[in-house]
Protein chains: 2
Amino acid sequence: MSQGIACPKFLTDRKGGCSLLFARHCFPWDDEFMSKPETPIQKKNRSAIMNAGLEVFSKFGFRGSTLDQIALESGLSKPNILYYFKSKEVIYTTLLGELLTDWLKPVRDIDPDGDPIAEILGYAAHKMEMSQNYPRQSRLYANEIIQGAPRISNVLTSELHEVVDKFAQLIKSWSKKGLIRDVDPHHLIFSIWAMTQHYADFDFQVRAVLGHDDPFPKGEKHVEDMLRQMLTV
Amino acid sequence: MSQGIACPKFLTDRKGGCSLLFARHCFPWDDEFMSKPETPIQKKNRSAIMNAGLEVFSKFGFRGSTLDQIALESGLSKPNILYYFKSKEVIYTTLLGELLTDWLKPVRDIDPDGDPIAEILGYAAHKMEMSQNYPRQSRLYANEIIQGAPRISNVLTSELHEVVDKFAQLIKSWSKKGLIRDVDPHHLIFSIWAMTQHYADFDFQVRAVLGHDDPFPKGEKHVEDMLRQMLTV
DNA sequence: CCATGTTTTGACCAACTGGTAAAATCACGC
DNA sequence: GCGTGATTTTACCAGTTGGTCAAAACATGG
């Protein structure tokens with residue numbers, strides 16, 4: 001409920017996002033009732049802001065980013081941005097929410113009845129593609145974790161923890177059946193994350209060291225090779 | 001040469017650091033001549049500032065960190081900090097300089113005549129220890145690379161590139177002699193960096209997912225296992 | 001073309017930012 | 001215990017920051 005301000009009574013209820021995060025975009029006057037669909041203008045401007053926010057936050061983290069930068073990048077004025085999102089923080093957490101959804105899904109989608117090596121390699125390949133196609137998301141996430149995950153620690157210790165434990169159990173069961181080598185499942189998962197996200201987060205270093213090559217084709221092959229060696233009995 | 005200001009004519013010439021970075025600590029009045037040894041007070045305060053700077057910059061990056069935070073963390077006043085380092089930027093680049101030195105050295109120290117697998121595993125173990133004992137340095141570096149390495153891109157494309165190429169050649173030669181599997185040397189190096197630094201940069205996530213265990217003993221074993229599988233013919 | 005709600009803007013604010021200048025305090029060899 | 005240089009503090013500044021507000025401009029269906 002808002003005071004004095006122009007107050008369209010709707011709410012954009014695109015509830016996707018990780019459950020623990022209010023990944024719903026917010027208007028200042030949002031309340032829980034009465035929603036209207038987005039107008040084209042809203043859609044356009046919100047996505048421009050999301051894109052600009054991603055661009056800026058993924059580089060400089062929350063503290064290092066400014067609304068002015070986001071305004072410049074999105075082509076909107078600062079007050080106009082605050083018309084669509086009630087604060088810098090909301091832009092940031094909205095981005096994080098969408099990101100977490102995208103990241104948790106493929107872990108959940110692993111098929112316990114599939115071929116173990118194919119499933120694990122498939123997951124790694126998927127993460128690699130995300131590093132290639134959405135490097136900014138990866139960097140945004142890295143930034144948030146590096147500074148201690150102040151806004152998502154609850155997600156890490158609940159949903160992520162849970163989903164990873166389930167995956168780890170699955171891996172363990174595959175090992176026990178002799179379908180893959182006996183590996184530490186949690187640390188296997190960490191090394192998949194590490195190797196794949198490295199190509200997004202350290203993209204600049206990778207390219208600087210490599211010269212002019214596109215790192216991805218060879219990188220993907222290498223990661224696959226590495227995991228196959230690790231997992232094949 | 002400085003104007004008007006109290007002007008002790010010395011310079012702390014601890015030239016360590018990566019050649020391309022002025023890793024020398026700076027007094028505002030530093031000039032290239034006439035150096036005096038550090039007084040105990042200087043030593044204490046500088047190292048307090050370095051430590052506080054590392055603490056803050058490694059979390060929030062350059063843009064996201066403030067002199068006030070560093071002042072608070074170090075227990076010195078803001079102007080007093082600027083008495084020892086002439087700007088925020090100098091604190092930051094000094095830290096980066098020291099860090100790059102520490103990181104380049106172990107790559108250079110790899111023995112071409114040693115046992116290939118022992119050398120590579122030894123390097124990985126060393127990086128793992130650095131992640132365990134100096135996680136803030138790792139995060140500082142990650143922060144810098146993520147935002148595009150604006151202050152060290154020249155080091156990446158020259159010294160790092162060079163040193164890595166040499167290491168890669170060595171690995172290639174080991175492969176050719178049949179001492180290790182045929183692997184992509186550059187991407188092998190990347191995966192070593194990725195897996196080891198992950199335990200520092202994503203420490204928070206690792207611990208959140210794992211619960212209360214210390215991740216390092218098992219992590220180190222896992223990485224060793226992984227590399228051994230990858231390299232053994 | 002009018003009315004209503006939507007979108008955008010310009011002016012503004014208090015808090016914070018990196019940094020300066022000069023005075024005040026301190027440490028220590030003589 | 002004095003003097004000199006080293007260190008620290010106090011007061012300050014101009015620019016930036018996230019955010020507010022009311023007014024203006026716009027869109028659109030009737």
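These numbers come from a predicted model, not from an experiment. Every chain is numbered from 1 and lettered A, B, ... according to where its sequence line falls, protein lines coming before strand lines.
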- [ ] Using whole Å, report how far CD1 of I70(B) lies from C1' of dG18(C).
- [x] 11 Å
- [ ] Round to a whole Å and report the spacing from CZ of R46(A) to C1' of dT6(C).
- [x] 13 Å
Open item on the list: So, under a plain 3.5 Å distance rule, would you say the side chain of K78(A) forms a donor-acceptor pair with the base of dG18(D)?
Closed with: yes
Task: H198(B) side chain to S191(A) side chain, donor-acceptor N/O pair below 3.5 angstrom - done: no
Task: No-hydrogen, no-angle side-chain donor-acceptor test under 3.5 Å, Q42(A) and Y83(A) - done: no
Task: Options dT9(C), dA27(C), dA21(C), nucleotide nearest the side-chain atoms of P79(B) - done: dA21(C)
Open item on the list: Expressed as a whole number of angstroms, how long is the span from I81(A):CD1 to dT17(D):P?
Closed with: 13 Å
Task: Of the listed nucleotides dT7(C), dT7(D), dT17(C), the one nearest the side chain of Y84(B) - done: dT7(D)
- [ ] Over all heavy atoms of both residues, which pair between F60(A) and Q69(A) is shortest? Give the atoms and the distance, please.
- [x] CE1-NE2, 3.2 Å
Task: Closest to the N45(A) side chain, choosing from dT8(C), dA27(C), dG19(D) - done: dT8(C)
Open item on the list: Can you measure K43(B) atom NZ to dA6(D) atom P for me and round it to whole angstrom units?
Closed with: 19 Å
Task: Side chain of Q42(A) - closest among dT7(C), dT7(D), dG18(C) - done: dT7(C)
- [ ] Please state how far atom CD1 in I91(A) lies from atom C1' in dT17(D), giving the value in whole angstrom units.
- [x] 14 Å
Task: Nucleotide nearest R63(A) when distance is taken to its side chain, options dT17(C), dG19(C), dT8(D) - done: dT17(C)
- [ ] Using atom CD of Q69(B) as one end and atom P of dG18(C) as the other, report the distance to the nearest whole Å.
- [x] 8 Å
Task: Minimum-distance nucleotide (side-chain atoms of D68(A) versus dT17(C), dT17(D), dT20(D)) - done: dT17(D)
Open item on the list: Side chain of Y83(A) only, heavy atoms from C-beta on: which candidate in dT7(C), dT17(D), dT20(C) is closest?
Closed with: dT7(C)
- [ ] Check the surroundings of atom CZ in F216(A): do more than 12 heavy atoms from other residues, nucleotides or ligands lie under 6.0 Å from it?
- [x] yes
TODO: Verify, without hydrogens or angle tests, whether R139(A) (side chain) and A200(A) (backbone) share a donor-acceptor contact under 3.5 angstrom.
DONE: yes
TODO: To the nearest Å, give me how far apart CG (L72(B)) and P (dC16(C)) are.
DONE: 13 Å
TODO: With DNA chain C as reference, determine whether S65(B) or S77(A) sits nearer its 5' end, using the nearest nucleotide of each.
DONE: S77(A)
Open item on the list: How many whole angstroms separate atom CG of N80(A) from atom P of dT7(C)?
Closed with: 9 Å
- [ ] Using the closest heavy atom to pick a nucleotide of DNA chain D for each, name whichever of K44(B) or L67(A) lands nearer the 5' end.
- [x] K44(B)
